[in-house]
Amino acid sequence: PTGCNRYFCERCHTWSDAERPVEIVEAPQILAITLERYSVSDGGVRRQDGRFAFPLDELDLTELVCSQQGRRRTIYEPLAIIVHSGSVDSGHYHALVREDEGSDEGAETTRRWLAYDDSSVRAVRTSDIPHAAFGGEKEGWERGTAPAAYMMFYQKRRRAGNSAAPGAETPPHAATP
């Protein structure tokens, strides 16, 4: 075999490329994605520190959602990112959370990101999130310890221009006081 995704077919006695299709029958209101940042081998547990870019505006899963009514446009918007920094043995987690203000009908929505780190909360520019969460090697960080996204949460968009899905409860962090 030449690749990792090959299997031996007993029927035709050849090595074949493996494909594993993914389809979502019913898309959830909140989509949680966990990145496999840790691997286990004979040498123990290792943190995977490669760069992984993910969408910060919208995630289109239309091609993966196939309900009984056929394909339906399914768009998600980012809601929160859990970030880990440190090694396998010790580290620190913090969250980057999107906050929408003015989400009343007809009002223009203002969107911003907040960093929750222990007892501190501060605003974060969207343009800073790739450096803060995409991972990869970073100057000043020991290999395998730089901040990297561990989980991402996305919220289903109801329809073009609207942020919340019908029937979806507003998460407590997104509620306007």
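Every value quoted in this text rests on a predicted model; they were computed, and no experiment measured them.
Take E58 and apply the side-chain hydrogen bond (donor to acceptor under 3.5 Å, both in side chains) test, not counting sequence neighbours, and it matches R157. Qualifying side-chain contact (heavy atoms from CB on, under 4.5 Å) partners for A32, counting only residues two or more places apart in sequence or in other chains: M151, F153. With sequence neighbours excluded, the residues satisfying side-chain contact (heavy atoms from CB on, under 4.5 Å) with A149 are L35, F54, I81, A133, M152. Residues passing the side-chain contact (heavy atoms from CB on, under 4.5 Å) test with V45 are Y38, V40, V88, sequence neighbours excluded. Applying the side-chain hydrogen bond (donor to acceptor under 3.5 Å, both in side chains) test to S87 and every residue at least two apart in sequence or in another chain returns nothing. Partners of R11 by side-chain contact (heavy atoms from CB on, under 4.5 Å), not counting sequence neighbours, listed by chain and number: C9.
Of all heavy-atom pairs spanning T126 and P130, the tightest one is O-CD, 3.5 Å. Annotation for Y76 and Q29: closest pair CE2-O, 3.9 Å, computed over non-hydrogen atoms. Here the shortest heavy-atom pairing between A132 and P147 reads O-CB, 3.4 Å. Heavy atoms only, all atoms of each residue included: A146 and G136 are closest at CB-O, 3.8 Å.
The closest side-chain heavy-atom distance from V97 to V121 is not below 4.5 Å. A heavy-atom distance below 4.5 Å is found between the side chains of D60 and R73. Using a 4.5 Å heavy-atom cutoff, the side chains of Y150 and V83 are not in contact. In this structure, the side chains of H84 and H92 stay at 4.5 Å or more apart for every pair of heavy atoms. D57 is not listed as a side-chain neighbour of P78, based on a closest heavy-atom distance of 4.5 Å or more.
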Show, in sequence, the C-alpha distance, side-chain angles and deciding distance for E99 and R111, and conclude whether the side chain to side chain contact (heavy atoms under 4.5 Å, CB included) test is met.
CA-CA 6 Å; E99 179 182 69; R111 180 169 290 171; over 6 Å; no
Would you please test I129 and L96 for side chain to side chain contact (heavy atoms under 4.5 Å, CB included) and show each step?
CA-CA 8 Å; I129 292 177; L96 301 169; 4.3 Å; yes
Worked verdict on I82 versus H94 for side chain to side chain contact (heavy atoms under 4.5 Å, CB included):
CA-CA 6 Å; I82 307 299; H94 69 274; over 6 Å; no
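Checking side-chain atoms of T62 against main-chain N and O of T74 turns up a donor-acceptor pair under 3.5 Å. Checking side-chain atoms of H131 against main-chain N and O of D128 turns up no donor-acceptor pair under 3.5 Å. With K156 contributing its side chain and A27 its backbone, the two residues share a donor-acceptor pair below 3.5 Å.
Taken from CG in L79 to CD1 in I30, the straight-line distance is 5.0 Å, to the nearest 0.5 Å. Put simply, CH2 on W113 and CZ on R125 are 15.0 Å apart, with the number rounded to the nearest 0.5 Å.
Note: F8 and H13 have tilted aromatic rings, judged against thresholds of 30 and 60 degrees for the angle between ring planes.
A salt bridge does not link D117 with R122: every distance from a Lys NZ or Arg NE/NH1/NH2 to an Asp or Glu carboxylate oxygen is 4.0 Å or more.
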